[in-house]
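This report concerns only the one structure given below.
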Amino acid sequence: GAALPFLSHAPPGVLAIARPAPPSLAELSPAHLDLFRSIQERRDVCARLDALRDSWTATALIHGDIKGANVLVQEHADPARPAAVRLIDWEFAAWGDPAWDLGSAFCVFLAGCLDAASLAGGANVASAAALFAAALPDAQREMGHLWDGYRRAAHLEGARARALLDRAVQFCAARLLQSAFEWSCDELEVPRHAVAGLQLSLNIFARPDAARRTVLGLDVERAERGA
């Protein structure tokens with residue numbers, strides 16, 4: 001950290017999304033205002049966001065903006081060689097909590113499920129839920145691989161692993177809020193895709209332990225019993 005004094009140590013702005021600064025309100029779309037109201041009505045969610053912001057601890061170099069568009073995968077002609085994976089666009093790099101990048105990566109997979117369940121055309125809520133459920137197992141398998149590889153590479157076990165994963169799940173929910181906000185730019189009404197992202201985020205915040213198991217598919221207790 002001392003070698004990178006120019007990097008921000010501040011928590012992500014989305015952790016203060018329930019408490020927007022008055023000057024910023026003039027630049028918001030009507031859809032953004034609806035999102036703010038939906039979040040502010042949930043005192044439990046506001047309390048979790050406040051707790052995440054207040055407990056933010058800068059301990060590592062983080063990318064800060066993990067998403068599909070910022071990941072490059074280079075495959076080789078020789079199938080025996082593993083693909084090279086690179087992160088690009090380090091504009092939001094910071095000295096921060098590594099659980100933020102991990103939670104953002106989880107959000108990438110859940111956003112893919114939301115894409116599959118997009119309420120386009122005449123699709124109804126029931127059919128969208130079915131499409132989301134159909135896409136979820138593949139995403140859960142990939143999130144499981146991601147967490148297992150991350151945990152092994154970082155030599156995390158026991159309480160340390162659980163603490164980081166618990167934060168990452170809540171940061172995933174916060175990143176979904178950020179995505180819903182981004183999807184609502186210049187909109188008069190909150191797009192259906194953003195509504196789904198908002199609801200998924202609120203559900204995760206409401207019961208993060210249950211969401212870790214049923215949404216992200218990370219049953220740590222069962223894995224520990226198996227070990």
Side-chain angles (χ1 to χ4, degrees), residues 1-25 27-28 32-67 90-108 110-111 143 146-147 150-151 154 156-182 184 194 197-213 215-216 218 220:
L4 301 169
F6 56 89
L7 290 178
S8 171
H9 288 55
V14 69
L15 300 184
I17 194 171
R19 308 180 188 281
S24 68
L25 297 178
E27 302 176 358
L28 299 177
H32 284 155
L33 296 177
D34 286 342
L35 283 173
F36 280 133
R37 280 191 287 268
S38 297
I39 296 168
Q40 290 172 338
E41 289 173 354
R42 292 289 300 270
R43 294 186 177 182
D44 59 329
V45 172
C46 293
R48 288 193 182 277
L49 288 168
D50 288 343
L52 288 172
R53 187 181 68 251
D54 293 343
S55 63
W56 179 263
T57 303
T59 60
L61 173 66
I62 64 174
H63 181 276
D65 193 25
I66 299 292
K67 58 185 180 181
W90 288 76
E91 177 184 358
F92 294 102
W95 195 251
D97 189 333
W100 172 256
D101 277 353
L102 184 60
S104 297
F106 290 151
C107 179
V108 170
L110 294 183
M143 286 186 283
L146 170 63
W147 167 240
Y150 189 102
R151 179 183 59 79
L156 293 172
E157 296 180 356
R160 290 180 60 234
R162 278 297 305 272
L164 184 137
L165 182 57
D166 287 345
R167 294 199 311 277
V169 170
Q170 294 188 68
F171 283 142
C172 173
R175 190 58 187 262
L176 282 166
L177 287 182
Q178 180 176 314
S179 296
F181 189 90
E182 293 169 351
S184 301
L198 170 66
Q199 189 59 58
L200 180 58
S201 171
L202 298 180
N203 291 346
I204 294 173
F205 270 131
R207 300 181 63 192
D209 285 341
R212 170 175 51 78
R213 296 189 298 272
V215 179
L216 280 71
L218 301 174
V220 179

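Basis for what follows: all heavy atoms, side chains included, without hydrogens, waters or symmetry-related copies.
Nearest heavy atom pair, residue R48 against residue A206, reads NH2-O, 4.2 Å. Across every non-hydrogen atom of T59 and W95, the tightest pair is O-CZ2, 3.7 Å. Of all non-hydrogen atoms in A173 and S201, the two that sit nearest each other are O-OG, 2.7 Å. Contact between L176 and G197 at its shortest, heavy atoms only, is CB-O, 4.0 Å. When every heavy atom of F36 is checked against every heavy atom of I17, the shortest pair comes out as CE2-O, 2.8 Å. Of all non-hydrogen atoms in K67 and V108, the two that sit nearest each other are CA-CG2, 3.6 Å.
Residues satisfying the side chain to side chain donor-acceptor pair (under 3.5 Å) criterion with D34, sequence neighbours excluded, are R37. Taking R19 as the reference, D50 meet the side chain to side chain donor-acceptor pair (under 3.5 Å) condition, with sequence neighbours excluded. For the side chain to side chain contact (heavy atoms under 4.5 Å, CB included) test, residues two or more places apart in sequence or in another chain that qualify with A163 are R167.
Between the side chains of D166 and Q170, not a single donor N or O lies within less than 3.5 Å of an accepting N or O.
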Test log, rule side-chain contact (heavy atoms from CB on, under 4.5 Å), inputs Y150 and L164: CA-CA 11 Å; Y150 189 102; L164 184 137; 4.1 Å; yes
side-chain contact (heavy atoms from CB on, under 4.5 Å) between V14 and L49, intermediate numbers included: CA-CA 8 Å; V14 69; L49 288 168; 5.8 Å; no
Criterion side-chain contact (heavy atoms from CB on, under 4.5 Å) on L200 and V215, from CA distance to verdict: CA-CA 9 Å; L200 180 58; V215 179; 4.2 Å; yes
Derivation and outcome, side-chain contact (heavy atoms from CB on, under 4.5 Å), residues V169 and D209: CA-CA 8 Å; V169 170; D209 285 341; over 6 Å; no
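To the nearest 0.5 angstrom, I66 atom CD1 is 12.5 Å from F92 atom CZ. The CG atom of L177 sits 6.5 Å away from the CG atom of L198 when rounded to the nearest 0.5 Å. The structure places CG of D97 at 12.5 Å from NE2 of H9, a figure rounded to the nearest 0.5 Å. Separating the CZ atom in R207 from the CZ atom in R213 is a distance of 7.5 Å, to the nearest 0.5 Å. We find the CG-CD distance between L33 and Q40 to be 9.5 Å, quoted to the nearest 0.5 Å. Atom CG of L7 and atom CH2 of W90 lie 10.0 Å apart (nearest 0.5 Å).
A ring-ring contact (aromatic ring centres under 6.0 Å, His included) with F171 holds for exactly one of F106, F205, W56; it is W56.
Checked by atom type and distance alone, the side chain of R175 never pairs as donor or acceptor with a backbone atom of C107 at under 3.5 Å. Between the D101 side chain and the I62 main chain, no donor and acceptor come within less than 3.5 Å of each other.
Looking at L110 and L216, their side chains come closer than 4.5 Å, going by heavy atoms from C-beta outward.
Counting non-hydrogen atoms of neighbouring residues, nucleotides and ligands closer than 6.0 angstrom, the CD atom of E157 reaches no more than 12 such neighbours.
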